[in-house]
Protein chains: 4
Amino acid sequence: MARIVKAPEERRAEIVDTADRLFRQHGYAKCSVEMIIREIGVAKGTFYYYFKSKPDILEAVVDKTLGQVVEMAQSVADAPALSAMQKMEALLGGSHIGNDDSLDVAEMLHLPENRELHELTNIQTVLQLSPILAQIVEQGVGEGVFDVEKPLETIQFLFTGAQFLTDGGMFGFSDAELRARRLVTQTIIEKALGAKPESFSFMNPVRAVK
Amino acid sequence: MARIVKAPEERRAEIVDTADRLFRQHGYAKCSVEMIIREIGVAKGTFYYYFKSKPDILEAVVDKTLGQVVEMAQSVADAPALSAMQKMEALLGGSHIGNDDSLDVAEMLHLPENRELHELTNIQTVLQLSPILAQIVEQGVGEGVFDVEKPLETIQFLFTGAQFLTDGGMFGFSDAELRARRLVTQTIIEKALGAKPESFSFMNPVRAVK
Amino acid sequence: MARIVKAPEERRAEIVDTADRLFRQHGYAKCSVEMIIREIGVAKGTFYYYFKSKPDILEAVVDKTLGQVVEMAQSVADAPALSAMQKMEALLGGSHIGNDDSLDVAEMLHLPENRELHELTNIQTVLQLSPILAQIVEQGVGEGVFDVEKPLETIQFLFTGAQFLTDGGMFGFSDAELRARRLVTQTIIEKALGAKPESFSFMNPVRAVK
Amino acid sequence: MARIVKAPEERRAEIVDTADRLFRQHGYAKCSVEMIIREIGVAKGTFYYYFKSKPDILEAVVDKTLGQVVEMAQSVADAPALSAMQKMEALLGGSHIGNDDSLDVAEMLHLPENRELHELTNIQTVLQLSPILAQIVEQGVGEGVFDVEKPLETIQFLFTGAQFLTDGGMFGFSDAELRARRLVTQTIIEKALGAKPESFSFMNPVRAVK
DNA sequence: GATGAATGAGAATTCATTCAT
DNA sequence: TATGAATGAATTCTCATTCAT
């Protein structure tokens, strides 16, 4: 095959992105190195030139994903002009403007057939994102819209429940069942955070269109 | 090797139990059939005499575990003399008398390095146990101790959060961190179910001993 | 399972018959000992009590089949009252009276999915049946209806061609194609044996019904 | 083991050739992939790098063999300068100059211990070669040397008879027996095609030496 | 930097055969 | 005679990794 030379960072990123996508599609274990390189159109050796093993690229994928999400969340949390509720909406609302790819906190990671990705990414996300959200919750407590004693742990619990329960494939829920669970999730969040009923209704927008 | 003949049920149980243990120790994928039979000391053929494939024994393991848990929970839920709170305590309380093995709803499934076992067992447990708990919640609503609109979905959310967050290995929490999370879990449950504060304190007993 | 004791010859015959049927259905290689004993409802040990190995029962099956066919053919060949053509018709004609099972020289062995059975039985049949047919051919030469120099070899060639070409599955012919080949077979036999055209038309009866 | 890199076509051909030989020697079923790779001295992975399964290489072997034979036969049949008898001699005559390997229509496929190879190759050969030979027969009919009504079916019958009967190992004939059968084959072919006696004598050359 | 042929340690599964009961 | 649990060698196939070019 034609030998196409690329800048190292570009090639590396290409491999990580492709692996990311395939891992999410089929799961880490079911993705062979063969699949990844065939998809890109490079040789086996090229893969191993950039990554010393398969676990190695899993780590790279997780790092990439995590970095994006955490950075985005932190920037929202740090925004000085926004109220706690506005920040919550920005992070948890369904109306994510301009996110073409995978920068959606709410929607991320909700994919079936995952194992190592879930373990590493999903959990790490909860762990890394929770402090940021907790920080917002504390701001909300100060603003009088929330009432919680242990923001971090509470957020972690809520995050975990939401993450795993409404995870696309894990429980095999139908669309209707998923919607019911998302509604309840909203209610529980409000109660757990001591927020006003329906204050988190942005999580379940009344959609006009399909 | 010496041929040791056993009663079929005994041999079958032996294989299931061993597989169960090894799956939990190393994870389903990393456990080869070879490992299982070597552990027991039987031939490969013996394994395949009892189970037609590797997925087949996974199912057997899950069934066994699930059966025990669900049966126990249902018997508690059906107890006519108990109040809803008493039933909750019986199922979620830490003081499980005489459970040497895996009959503990609260403690089970919290093990690291699992994939298929967690996916199948953990999730199935949530799905099968939730209706039973929801039934108790409804009794509690009738008794005036709970106040929820959607018991089933609420229970599912709470169950999922508790299950996955405090799952022994998944998040890598320390004992202290786990304790903090279990306390918050209690609070959230109380709020979500509309129960009195500290009414679920049996979930976090002040232990004297280890 | 209930232990059913039978007379040794009966049990043996039962196993041979079942093996025979299954070998023809699925082929020798694809028939496991397991299949045979399950079909009969006896234990593995019973099988190995009567036959010392799998090849052993193949031999038994072939012997049985061959014996039946050869015996029948010989009795026809030895019939003093019949002409050569009448004997030919009796053996090769499609109108086999009273043969419910596998005593049909023309139709036997024409089954797909066979290997060892074809090799052993099919070929042995050609070898053992040919002398008998050759004997009839010689009678026919004496009667002036045939004209051949080497009856045995000629018969073997014709038998082989007929056997393998019109073998139900081997060539994957359609019904129409098979019919065309059987017609040609008849013509070639007549020419090779120096018989009158259409004297072997009994091989291709004009059937009214299906 | 030492890693010896070869051109893909070369390696592929090496595997096909080796498999071909071993399949003919021991039969497809009795040849394990292990045997093939040990014979060549490559790793298992190498085999599966070139062929995705065991049936896959059987197909490759059959294709190779078939391709050679059919191509050769077609080129003879298409030769404009040759008479039908000359073409027949070229294809069926024993005097094949310069065929060291398996390019001999008459000699091929006559090997013991085969199953799948015979079924696939032998039969396919009859099927693919018959139209070509039939074409020659028709030419001969036009030239007045043959007299047949159904060339294709007749050829198929004759081909099948010749193929299977004189198949080296199948019937276990001695050399003398084989010779007798080949002589008769010649006679039957002449009669069936309506050719002059001894016109196919090239099939049984009077050999001085072995 | 890049290629892709080659490696080989397993993995799951089958099945003829044995043997304690 | 009969049972059926137990055996284990053999087989096909996978895939992460290596290395000559």
Side-chain angles (χ1 to χ4, degrees), chain A residues 1-8 11 29-37 41-57, chain B residues 1-8 10-12 29-35 37 41-56, chain C residues 1-8 11 29-37 41-57, chain D residues 1-8 10-12 29-35 37 41-56:
Chain A
M1 185 175 278
R3 181 197 187 96
I4 297 167
V5 181
K6 293 194 179 180
R11 175 74 5 125
K30 285 184 187 160
C31 262
S32 61
V33 172
E34 179 67 31
M35 274 179 73
I36 299 169
I37 58 134
V42 297
K44 274 257 179 74
T46 307
F47 178 92
Y48 280 92
Y49 180 78
Y50 287 97
F51 303 93
K52 74 173 216 297
S53 71
K54 207 187 159 195
D56 207 52
I57 201 184
Chain B
M1 187 175 275
R3 178 183 292 227
I4 296 165
V5 179
K6 294 195 178 179
E10 194 186 340
R11 180 61 24 112
R12 204 191 125 93
K30 285 185 188 161
C31 264
S32 63
V33 171
E34 179 67 30
M35 274 180 73
I37 60 144
V42 294
K44 273 238 181 89
T46 305
F47 177 92
Y48 282 94
Y49 181 74
Y50 288 96
F51 303 94
K52 72 175 215 299
S53 70
K54 207 187 157 195
D56 206 52
Chain C
M1 185 177 277
R3 181 199 188 97
I4 296 169
V5 181
K6 292 194 179 180
R11 176 73 5 124
K30 285 185 189 161
C31 262
S32 61
V33 172
E34 178 68 29
M35 273 180 75
I36 300 169
I37 58 133
V42 296
K44 275 258 179 75
T46 307
F47 178 92
Y48 280 92
Y49 181 78
Y50 287 97
F51 303 94
K52 74 172 215 298
S53 71
K54 208 189 160 194
D56 208 51
I57 201 184
Chain D
M1 188 175 274
R3 175 182 295 227
I4 296 165
V5 180
K6 294 194 178 180
E10 193 185 342
R11 183 55 30 109
R12 205 193 124 92
K30 285 183 189 162
C31 263
S32 63
V33 172
E34 179 69 29
M35 273 179 73
I37 58 143
V42 295
K44 247 194 212 142
T46 306
F47 177 92
Y48 282 95
Y49 181 74
Y50 286 96
F51 302 95
K52 71 177 215 300
S53 71
K54 207 188 157 195
D56 206 52

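In what follows, every chain begins at residue 1, and chains take the letters A, B, ... in the order their sequences are listed.
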Rounding to an integer number of Å, can you tell me how far [X] [atom1] sits from [N] [atom2]?
X       : N      : atom1 : atom2 : answer
B/Asp56 : E/dA11 : CG    : P     : 20 Å
A/Lys30 : F/dT14 : NZ    : C1'   : 15 Å
D/Lys54 : E/dT14 : NZ    : P     : 16 Å
D/Ile37 : F/dT12 : CD1   : P     : 11 Å
C/Lys6  : F/dA2  : NZ    : C1'   : 13 Å
C/Ile36 : E/dC15 : CD1   : P     : 12 Å
C/Phe47 : E/dC15 : CZ    : C1'   : 12 Å
A/Lys44 : F/dA16 : NZ    : P     : 8 Å

D/Pro55 or A/Ser32, whichever maps to the more 5' nucleotide of DNA chain F: D/Pro55

Which residue lies more 5' along DNA chain F, comparing D/Glu34 with D/Val5 via nearest heavy atoms: D/Glu34

Selection from [options] that lies nearest to any side-chain heavy atom of [X]:
X       : options               : answer
A/Val42 : E/dT17, E/dT3, F/dT17 : E/dT3
C/Thr46 : F/dT1, F/dA2, E/dA6   : F/dA2
A/Arg11 : E/dT13, F/dC13, E/dT3 : E/dT3
B/Ala43 : E/dA2, F/dA20, F/dG8  : F/dG8

For [X] and [Y], which heavy atoms make the closest approach, and how far apart are they?
X       : Y       : result
B/Met35 : B/Lys30 : SD-O, 3.6 Å
B/Phe51 : B/Asp56 : CA-OD2, 3.8 Å
D/Lys54 : D/Val33 : CG-CG2, 4.0 Å

Side-chain N,O (D/Tyr48) to OP1/OP2 (F/dT14) below 4.0 Å: no

Watson-Crick or G-U wobble partner of E/dT7, both distances under 3.5 Å: F/dA16

Between CZ on residue D/Phe47 and NZ on residue D/Lys52, distance to nearest 0.5 Å: 11.0 Å

Interatomic distance, B/Thr46 atom OG1 to B/Lys44 atom NZ [nearest 0.5 angstrom]: 11.5 Å

Donor-acceptor pair present, B/Arg3 side chain and E/dT18 base, under 3.5 Å: yes

Of D/Pro8 and C/Cys31, the one whose closest DNA chain E nucleotide lies more 5': D/Pro8

Touch class at under 4.0 angstrom, heavy-atom based, for C/Tyr50 against every strand present: sugar-phosphate

